[in-house]
Amino acid sequence: MSRSIVAPQPLLRSLLRSQPRAQQCQRFLSTHPSPSTRRPTPLSQRCATSPPPTNKSRFVEQRRYKAKTVEEARSRYRTGPFSWKAGLLFVITSAGLVWYFEHEKERMQRKRIAEATKGIGRPKVGGDFELVDQDGRPFLSSDLKGRYSLIYFGFTHCPDICPEELDKMARMFDIVEEKSPGVLTPVFITCDPARDDPKILKSYLAEFHPRFVGLTGTYEQVKEVCKAYRVYFSTPRDVKPGQDYLVDHSIYFYLMDPEGDFVEALGRQHSPEQAAKVILDHMKDWRGALKRED
């Protein structure tokens with residue numbers, strides 16, 4: 001005999017009455033309204049109260065549209081933070097710095113050479129003199145002041161070395177005259193005054209350059225000038241009148257500044273172009289006034 005299990009009626013009533021109260025308790029305890037009790041917000045009010053886009057979202061949108069194609073994006077990541085413009089700027093800046101330091105190094109070296117001859121305890125090159133030019137007029141060392149002067153010692157009967165050096169001197173003078181006209185005086189002083197009178201000097205120097213200044217004088221005057229410029233020269237003894245002979249002498253060009261001070265000696269190792277560049281560089285370094293020849 002089967003018996004159905006039936007719950008007692010008082011227990012069922014208590015369970016049914018307790019459920020709404022639990023929901024009411026949850027409703028009163030919750031601070032947020034339930035989804036069923038929310039009212040829909042109008043569309044216009046929803047748009048007006050929506051928060052503006054943040055900087056982060058705006059930045060993301062800009063980056064999204066920065067690269068238009070896949071190739072453009074790949075090339076950007078391939079080059080990295082450097083570009084050809086940055087590389088070109090780096091090369092130009094480096095070349096400029098190298099040129100500046102090399103130029104400054106050469107300028108300081110020329111300055112040391114020019115000041116080395118003026119130091120205390122060093123032999124002075126150059127000095128006051130009084131000679132005669134190729135026109136027979138007196139010529140003083142003070143006549144060279146105000147301009148640079150290039151002085152060479154030789155003699156007109158020299159068979160080979162003096163003509164070569166005077167051709168070189170003419171070329172040097174033309175280069176300097178083209179770049180800086182009227183500020184250099186080329187001077188030839190004879191070491192053989194017994195044969196090189198003003199007339200012979202004028203005829204001889206005209207074959208090389210019309211602007212050359214030739215100077216001569218007595219043997220004692222020439223000897224004193226050679227001593228002042230530290231020029232070695234020697235003539236043979238017991239020379240008979242009319243007898244041909246050679247004069248041994250130093251082979252240098254002496255560059256003097258506008259104040260009459262020695263600057264640098266240019267030797268046979270310098271080509272005309274190299275020597276002219278040395279002269280022009282010293283002229284650029286000069287800070288005083290220069291008297292130009294008319």
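When the side chain to side chain contact (heavy atoms under 4.5 Å, CB included) test is applied to A228, no partner is found at least two apart in sequence or on another chain. For E207, the salt bridge (Lys or Arg N to Asp or Glu O under 4.0 Å) test picks out no residue, with sequence neighbours left out. D160 is linked by a salt bridge (Lys or Arg N to Asp or Glu O under 4.0 Å) to nothing, counting only residues two or more places apart in sequence or in another chain. Considering only residues two or more places apart in sequence or on other chains, T156 meets the side-chain hydrogen bond (donor to acceptor under 3.5 Å, both in side chains) condition with D196. Listed by chain and residue number, D135 satisfy the side-chain hydrogen bond (donor to acceptor under 3.5 Å, both in side chains) test with K202 (two or more places apart in sequence, or in another chain).
Hydrophobic clustering of Ile, Leu, Val, Met, Phe, Trp and Tyr side chains at less than 4.5 Å, counting indirect connections, keeps Y232 apart from V222. Under the 4.5 Å side-chain heavy-atom criterion for Ile, Leu, Val, Met, Phe, Trp and Tyr, L280 and V263 are members of the same hydrophobic cluster.
Not one N or O on the side chain of R211 forms a donor-acceptor pair closer than 3.5 Å with the backbone of T185. Between the Y148 side chain and the H282 main chain, a donor and an acceptor come within less than 3.5 Å of each other. Side chain of E224 to backbone of D128: no donor-acceptor contact under 3.5 angstrom is found. Checking side-chain atoms of T216 against main-chain N and O of D197 turns up no donor-acceptor pair under 3.5 Å. Panel note: side chain R287, backbone K284; a donor-acceptor pair is recorded below 3.5 Å.
Atom CG in L215 sits 10.5 Å away from atom CG in L140 (nearest 0.5 Å). For the atom pair CG of L150 and CG of L144, the computed distance is 11.0 Å after rounding to the nearest 0.5 Å. Atom CD1 of I251 is separated from atom OH of Y152 by 5.5 Å, given to the nearest 0.5 angstrom. With rounding to the nearest 0.5 angstrom, the NZ atom of K227 is 11.5 Å from the CZ atom of F233. The CD1 atom of I189 sits 12.0 Å away from the CG atom of D133 when rounded to the nearest 0.5 Å. Here E130 contributes atom CD and T218 contributes atom OG1; the two are 10.0 Å apart, rounded to the nearest 0.5 Å.
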What do the steps show when you test E259 against W286 for side chain to side chain contact (heavy atoms under 4.5 Å, CB included), and what is the final call? CA-CA 11 Å; E259 294 180 352; W286 180 256; 3.7 Å; yes
Pair Y252-L266, side chain to side chain contact (heavy atoms under 4.5 Å, CB included): steps then yes or no: CA-CA 6 Å; Y252 285 104; L266 305 174; over 6 Å; no
Side chain to side chain contact (heavy atoms under 4.5 Å, CB included) for Y254 and V231? Distances and angles first, verdict last. CA-CA 10 Å; Y254 296 85; V231 175; 3.4 Å; yes
Dump the intermediate steps for side chain to side chain contact (heavy atoms under 4.5 Å, CB included) on R147 and R292, then the final yes or no. CA-CA 7 Å; R147 290 187 293 269; R292 298 183 180 273; 5.7 Å; no
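Residues G127 and S141 share a closest heavy-atom pair of O-CB, 3.8 Å. Closest of all the heavy-atom pairs between G214 and L205 is CA-CD1, 3.4 Å. Residues V132 and P198 approach most closely at CG1-CG, 4.2 Å, considering heavy atoms. In this structure, M256 and G126 approach most closely via the heavy-atom pair CE-CA, 4.2 Å. Minimum interatomic distance between L246 and P236 (heavy atoms only, all atoms of both residues): O-CD, 3.5 Å. Of all heavy-atom pairs spanning C158 and C162, the tightest one is SG-N, 3.2 Å.
Using a 4.5 Å heavy-atom cutoff, the side chains of E164 and R268 are in contact. Within the 4.5 Å cutoff, no side-chain heavy atoms of L184 are placed close to those of S149. V225 has its side chain within reach of L131: a pair of non-hydrogen atoms, C-beta onward, lies under 4.5 Å apart.
With ring centers used as reference points, F153 lies under 6.0 Å from Y229.
Using modelled atom types, one finds a donor on one side chain and an acceptor on the other under 3.5 Å when comparing R195 with Y245.
By the 30° and 60° cut-offs, the orientation of the rings of F188 relative to Y204 is tilted.
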Atom pairs and distances, side-chain donor-acceptor, residues 166-177, under 3.5 Å, sequence neighbours left out:
{"unit_1": "K168", "atom_1": "NZ", "unit_2": "G267", "atom_2": "O", "d": "3.0"}
{"unit_1": "K168", "atom_1": "NZ", "unit_2": "H270", "atom_2": "O", "d": "2.4"}
{"unit_1": "D174", "atom_1": "OD1", "unit_2": "H209", "atom_2": "NE2", "d": "2.8"}
{"unit_1": "E177", "atom_1": "OE1", "unit_2": "G182", "atom_2": "N", "d": "3.2"}
{"unit_1": "E177", "atom_1": "OE2", "unit_2": "G182", "atom_2": "N", "d": "3.2"}

